[in-house]
Structures are given as C-alpha cells and as structure tokens.
Amino acid sequence: MSTYPFTEIESRWQKYWEENNLYQVDEDPSVPKEKRKYILDMFPYPSSSGLHVGHPEGYTATDIYSRFLRMRGYHVLHPIGFDSFGLPAENYAIKTGTHPRKSTETNIEMFRRQIKSLGFSYDWSREISTHNPDYYRWTQWIFLKLYKQGLAYEDTVPINWCPSCKTGLANEEVTDGKCERCGEKVFRKNIRQWMLKITDYAERLLEDLEKVDWPESIKSMQRNWIGKSVGANVVFKIENSEEDLEVFTTRPDTLFGATYMVLAPEHHLVQQVATDDRRKAVETYIREAAAKSDLERTDLAKEKTGVFTGAYAVNPVNNKRIPIWISDYILISYGTGAIMAVPAHDERDWEFAKTFDLPIIQVVDGGGVTSDEKGEPDFCYAGNGVAVNSGRFDGLDTPTFKTHIVEWLEEQGLGKRAVNYKLRDWIFSRQRYWGEPIPLLHCEKCGVVPVPEKDLPLTLPEVESFTPTGTGESPLAVIDEWVNTECPVCGGKARRETNTMPQWAGSCWYYLRYLDPRNDASLADPAKLEYWLPVDLYVGGAEHAVLHLLYARFWHKVLYDIGAVPTSEPFQRLVNQGMILGEGGVKMSKSLGNVINPDDIVRDYGADSMRVYEMFMGPLEVSKPWSTNGLAGVHRFLDRVWRLSRREAVDSQPPRHLVKVLHQTIKKVTDDTDILAFNTAIAQMMIFINEAFKEEALYSRLWDPFLRLLAPYAPHLAEELWARLGNEPSVTRQDWPEWDEELAREEEVTIVIQVNGKVRAKVDLPAGMDKEKLEKTALEHERIQEWIEGKSIKKVITIPDKLVNIAVSAK
RNA sequence: GCGAGAGUGGUGGAAUUGGUAGACACGCUAGAUUUAGGAUCUAGUGCCUUGCGGCGUAAGGGUUCAAGUCCCUUCUCUCGCACCA
C-alpha cells in the first residue's frame, strides 16, 4: 500500500506539542464565562491488557471537539487521569505477590504511552491517579464530611458476598445473582458495614435530572433505579394483639379488595403473631427463606410459597377479618416489609391467592372483568377503572378514589400518604486492601472517632499478604501495628477501621481535582471551581448509567450542601459513545480472538487513521462493528490528502466550483463538528478532496482553510502539511475558517418534475427561479407533456429550487 | 412483564421544516497503468425488465399533491430493570 510517512510525522508533532506545552490551560480571568469549556472523558481503569479500541472512540470525540473549540476562541480544559484503585490489581497481587501499587503504576505507564500515541490534546500537567495519597487524602476528607453530615453509618446488613473475591459487593455489582467481576454465584452474608445514606438524596437526585442535558435513556435508567412510588401507609389492627400492622400500598383505592395480609419472613411481628399450632410451620419457612440466595428468592419463574401464621388482621375500611400469611415474595427492605394483598388487582397477589386458594374480590371495574361460578373475577386486572364493591366509594375513578381514601384514612388516624423509593443506601465497605482506608477509629471509650483532618491522608500500610481473611475482614485487620492506635480524643486504646472504600469512591469527585490537582490545602481552590464548573461535556460508556453517574451526583450534591462546590449538578451534558463491536457485529472478546489492539493500528496505519476511522464508522452514540477494510478506506483518504499536498502549490485564483465546494465544506464541517456529527463532517472533507484531486494544481488559497478543518480530526497530518505550506506551527493555534454563504451557494439546481407524486423528469435550472417560471418550464417540458396529455390539471405544487408536482386526473 | 431505543442496498452508514431515497466509505464488476501487486487511476454498481417502465426505507393500514420522515396496528432486534406492593 502506498503510504505517507505517518510514523515519522506523528512522533515529530507529538514531541513538538509536548515540548511546547501546547494544551496546558490556566484560569485566565479575562476569558468570559461563556468562553470557558470543560470537556471531560471518563477516566480509564488502567488494566493490564492496555487500551482497547473502545477507549479511543470517546477520547477522539472529545479531542476533536476540544481542538475545534480552541480554534473557535474558547478556553478549553481537557484533562485525563487514572482510576487506579480496584480489584483486578489486588487479585493479581493475590495470585503473584506483586504489590498492587507496582502493577498499577506499570499499567498506568502503558496507558499513558498508548493515549499519547493517539495525539490527544490533554493538559497532562493536571494528570491524577486515585491511588496516590495526595489524591485519596481528599477522598478521605470527603468521607469525613459525609460522616459529619450524618450520611455515613455502621450497620450489620446482609450483603452480597462473593465467595471467590471474598468480599462484599454493592447491588450494582451483582448481575443475575453473580459477581460482575468473576462470575461466581453471590450469596447473602451478614457483615458489619459502612453505609452511605444516598436515600436521603433520592428526591433531589430524581428531580434534578430535569436540569441536565443527558440522553433520555440514562435519565430513565436513573429514574427507574431510584424508583419512586407514591401511595399510602395503612394501619391494620391485629386480632388479639396490641400490635398494629402497617403496610405500604400504591393502591389504597383497592382496600376493599384486600383479602389477606403478607409479611416478609424477616418481619419483626412474625414471631409474635404466629399462633401455637402454626408456629412450627412458620419457623421452618423462615429458616428455608433465610437459606435461599437472593437469586432463588427473586426467581420469577418459581411458584409462590408461603405459610399461614394463624393470625388475623382487621381491614380498617370494613372491619373484615383477613388472614395473615408470610411469604418471601415480600421483601423486608422495601416499604414496611408487609402488604395488604389485593389478588383481583395485583398480579403477584393473584398468583399467591390462586396457589393457596384465598378469596378474590373485584373492586375495580376495568371494563372486561367477568366472574366465574364462585363470583370471583376470572383474571387479574391491575389497571385503573371505576370502583365497585367499595361501599360509599363505588363509582369513583381510580385517581379520585385514591385522593379521597387517603384523606379519609388520615382523618381516621388509620394511615397517611407515603412515598417509597427502590433506591437503597450505598454499602460503602470493601473487605479489601487496595482501596482508600476509611479514616475512622473505634475507641473503647469514645466509640467511633473520625481521624482528625490534619492527619490525612491515612495511608495504606505495607502488607505481606493481600489474601482476604475470608472472615469478612480486610487484609488490613491483621496488621497489628497499623490497626492498634491511640484515640485522638481521649488518648486511650483504639483500633482503626479496617474496611476500605469501594472503587467508585475515587471516581466520585476526580473531575473536581483536575481543576486544582496539586492543591494541598483543600480539594480544590473555590475560585478555580467557580471558574470551570460544571463540566460542559462528559463522554463515556453507558455502562456507568446508574453506578458512577449516580454516586458522583450524590457526592456532588453533598459537597454543594456544605458549600464546597458552586453547582448542584456536576455534569451538564452527557453523551454515551456506542460500543465498538468486532468484525461481523459480534462482541469483541479475548475468547473470540477478535480484539483489536490500538497499538497495532497506530503502527500499521497511524494515529490519524485510527482517529478519523473511529469517527467515520457512524454516529458517536451507536454501537458499530469494526472493519479493517473501512479503516483502510480512511487511510486511503489521508494518503490522498498527503499526495495532493505534494502537488505544485499555486497562489492563483482557484476555479469557482472548487471555491464553492470549499465553502460548502467549511459550513458542513463547522455545523457537524459542533453537534458531534463527526461521521458526516468527514464525509464532506472526502468530497472536497475528491474534487480537489481532479485539478492539476494545488491552490494554496483553498489548502490553507482545508488544513484548518482537518486539524482537529487528523492533527498530526494537518500540522505537518501546515508547516510544509511555509507556515509557523501550530495549526491548532489558528482560527477556525469562516464560510461565505454567497460562495457556498449552488448557482444551478436540479428541479424534479413530478406527475402525481412520481418523478417524471429532472431539469437543471439556475437557482432562485421564481415559482411562475418554474411551473411554466415544468408544464412545457417535453416528457411531462406526454404524461399530462389528455388529463385535467387539478393542482400544481411548486417548491422553489426543489420540485414541481403536477396533480392530474384522468379525463 | 415493565421502561428506553432501533429496524434504510451485499456491508458501515447519509437524507433541514414531509419535497430527487441510498451522500461518503467498504465490497464487487469492467477497463487503464504496472515485471507484479491486496498500490494507483477511470467507469459502473438498490431490485426486476432487452426497452418503455415498474418496485423499493421490517410488515400492514391511514393522513397528504408528496411519507424513510407524521398517525394507528403488528413483528423483530438491542439495552436496562426485574416479585419494589
């Protein structure tokens, strides 16, 4: 393949950019707020396998956009760093004995080299790594703020325990009942944990989604995850008991249809209400439920199970006695851990009632519910409708009934409006070594005591073995000289907290540290936070929709509440890049052997080809398959640019049609780059090159602006050709070209002539011809005459510069 | 099941407010050049048809002079959630 000397060109300009600190940015106060842009990539976890082709996709997009903005006069902050705490490095340490710091830092070096080889315009002076004590000092500082705000608490809770990783996992790290990292089946285990009260922020996390410019799918996933439900808590009396039974329902309008109650097996009243003759069955059931994994409990396909407790509750609306059951389809962690069951109007209750032959009473007329011989409906209707069998409420529609019944319950002191969220508090402990130590002490006298801020960072001790103890404690627990310490309050004996933070901690606030990465007095100078925040564009994978992006928003809001950041949301605009699949549209994976290594691409085709190809594949947001042929096509385009540049440059007036294509190209590339439609911008540059290639000469008046357009996309090649044109570097410091609408205009347009909506002729005419003239031309057209002959013309629609449509009817 | 999104040539994908469907690229075909080439250049390339012409944007219906685009119904695929009362 004929090819231009990309290797030499690329290394030359990368060196030049680095030596001249071309992309370093400051907080110049003379730059007005609207001319400052913060363009952020999701920073990578430096894995041992190096960069894959998915990384450069998002990184190239933000790089092109950053370079484009700079050329248009913006002050652009575009940083990068590494999310360097986490399990893989620790698992590697367990296997090989290599200290995670060592393998992590080796991996970071590899990533840094790979990222630099693609010519991204990062401000490397701001690089950070989350495992660095200068960084995690502030992660710990934020944790202490959370603790002091009452947002961190200890609790012994059943957590998802991965027997292979020997650690607890957050709900979000469990997929299909299996550990997201190792695939091992997860089961429940009670362990003392540090929890963060993200639930306190549920409402604001939900509401503020309105304020941000994010993909609707991500917003919807977050809403779904937060899972707000509005309904009522209703109190039921228990027969022969002092205790009341409170349930949460979103359908208080179906109270008259409640035919039984169900408690979660873990509900605190179960033991009390169970009658002696039922006690044995109840206890057996509780034991069985406890032994089940979460996966077994939530397996939808399985039959409903449960037992009757022997006790009865009283329905407050009609004083009917209804039996109390227990079943594991009721979750202790949601609502009150108990429900009123309305089998006629809830699918789950319906199944349960059918299994155990419990009564079913229809109370909502959905328009089609019929009754069987027992007088019970023959299917479950969960929608809205008109109330029936509900005493004086009969005839009310569902929403009205809900309002009325809640008012009535509140008057009677039997219930009140209630809101529930699916969102749970965040289990913030990991029983691992390679994470930020939680900066707390357990003092024999004072209880839990925070490490004084002046003693931060609380650094990780050196250990011999990274193997988890498996008891639920981290490897830190066996380092006596680290664990045993003095209480800073009373001076007595104290033990350090041995749990570490989960991997999400460091990534919750890294975008703040970029603003002031070497500050050792605060997490960042408030003036710098004020200068740059919020992030104007954040690009990364959709896999972080409810993990990183929800946690980061939560921390940001806490920091906002204590006055540490000036905005209520961190990321104003979010774009998810699509996945890059292997050739043929299958997933890229090691086992399929179809993984593309960016190093190979850079070596064989060059960084510019890699960049332009990844942007040319299709829209940024969608998944698309890799194609080496497609890559070669893009490389061919850059090679043509190179060969064109070798022609003799002339300063004469270029032909009109080329000037026109150039101005059309400037317009299209400007508009498309602005909306991240890089694929169509590149297509337009190809059109320009195809046209220019037909000329003998190289017109420098066209070439200069074209190179500016090319610069964000293929910065090395553009830089080289810019210099060869006799200009001083750097092209990236030049102004973005302007187009002239007049020069971009087509003077001749093809007019389509239709008869009854079908194209019958096409004519080339001068642009801007008026309607009458167009219509006349169309009607007189020879071919059209044939089509309309002997027919009567009903209507003629004329769209200037586009078409003439003649509607005729047969006569 | 619920929620979100998507279905356009052999392939990746283009198509303001409804106004020439298939830009650009890959692949393919033919030719030129070349010792040769998977390099380069030129031409062609949605399907059917010798031609006139007809048919074409998942399927069916509707609105309109005009529908890939708007409305209704159905199907398929991808992603997320999943007994959350």
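Naming: A, B, ... by sequence-line order, numbering from 1 per chain. As the structure is a computational prediction, the values presented were derived from the model and not from experiment.
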Measure from [atom1] on [X] to [atom2] on [N] and round the result to the nearest Å.
X        : N      : atom1 : atom2 : answer
A:Glu775 : B:rC65 : CD    : P     : 16 Å
A:Phe637 : B:rU40 : CZ    : P     : 15 Å
A:Met221 : B:rA82 : CE    : C1'   : 13 Å

Please report the distance separating the [atom1] of [N] from the corresponding atom of [M], rounded so that it comes out in whole Å.
N      : M      : atom1 : value
B:rG62 : B:rA66 : C1'   : 15 Å
B:rU11 : B:rU34 : P     : 37 Å
B:rG10 : B:rC28 : P     : 16 Å
B:rU69 : B:rG3  : P     : 24 Å
B:rC71 : B:rC24 : C1'   : 33 Å
B:rG46 : B:rU8  : C1'   : 10 Å

How would nucleotides 14-30 of chain B be written as a contact map, 5' to 3', with B for base contact, S for sugar-phosphate-only contact and - for no contact, using protein heavy atoms under 4.0 Å?
SS---BB--BBSSS---
Show me the donor-acceptor pairs, under 3.5 Å and distance only, between side chains in residues 762-774 of chain A and residues at least two apart or in other chains.
{"residue": "A:Asp764", "atom": "OD1", "partner": "A:Thr750", "partner atom": "OG1", "Å": "2.8"}
{"residue": "A:Asp770", "atom": "OD1", "partner": "A:Glu772", "partner atom": "N", "Å": "3.3"}
{"residue": "A:Asp770", "atom": "OD1", "partner": "A:Lys773", "partner atom": "N", "Å": "3.0"}

Both A:Met340 and A:Arg640 contact RNA chain B. Which one's nearest nucleotide lies toward the 5' end?
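Its nearest nucleotide being more 5', the pick is A:Arg640.
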For A:Thr3 and A:Asp639, test the side chains for any donor-to-acceptor distance below 3.5 angstrom and give the result as yes or no.
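No, A:Asp639 and A:Thr3 have no side-chain donor paired with an acceptor closer than 3.5 Å.
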Between A:Trp739 and A:Glu741, is there a side-chain donor-acceptor contact under 3.5 Å, judged purely by atom types and distance?
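A:Glu741 vs A:Trp739: donor-acceptor pair found between side chains.
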Mind checking A:Phe693 for me? I need base, sugar-phosphate or nothing, with any heavy atom below 4.0 Å counting as a touch.
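Answer is sugar-phosphate: A:Phe693 comes under 4.0 Å of backbone atoms only.
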Please classify the nucleic acid contact of A:Lys758 as base, sugar-phosphate, or nothing, using heavy-atom distances under 4.0 Å.
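A:Lys758: backbone/sugar contact only, no base atoms under 4.0 Å.
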Would you please confirm or rule out a distance under 4.0 Å between OP1 or OP2 of B:rG12 and any side-chain N or O of A:Lys624?
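For B:rG12, OP1/OP2 do not have a side-chain N/O of A:Lys624 under 4.0 Å.
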Which pairs of donor and acceptor atoms, one on a side chain in residues 613-622 of chain A, lie under 3.5 Å apart (sequence neighbours left out)?
{"residue": "A:Tyr613", "atom": "OH", "partner": "A:Ser627", "partner atom": "N", "Å": "3.0"}
{"residue": "A:Tyr613", "atom": "OH", "partner": "A:Ser627", "partner atom": "O", "Å": "3.4"}
{"residue": "A:Glu614", "atom": "OE1", "partner": "A:Glu57", "partner atom": "N", "Å": "3.0"}

Using a 90° cut-off around 0 for syn, call B:rG37 syn or anti.
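Nucleotide B:rG37 adopts anti.
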A:Phe352 and A:Tyr260 aromatic ring geometry - parallel, tilted or perpendicular at 30°/60° bounds:
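Because their plane-to-plane angle is under 30°, the rings of A:Tyr260 and A:Phe352 count as parallel.
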Parallel, tilted or perpendicular: rings of A:Phe688 and A:Phe706 (30°, 60°)
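Plane angle under 30°, so parallel.
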Short N-O contact, A:Glu203 and A:Lys228, less than 4.0 angstrom:
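Counted as a salt bridge, because a side-chain N and a carboxylate O are separated by less than 4.0 Å.
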Closest approach to the side chain of A:Asn224, judged atom by atom: which nucleotide of B:rG3, B:rC83, B:rC65 is it?
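Side chain of A:Asn224 sits closest to B:rG3.
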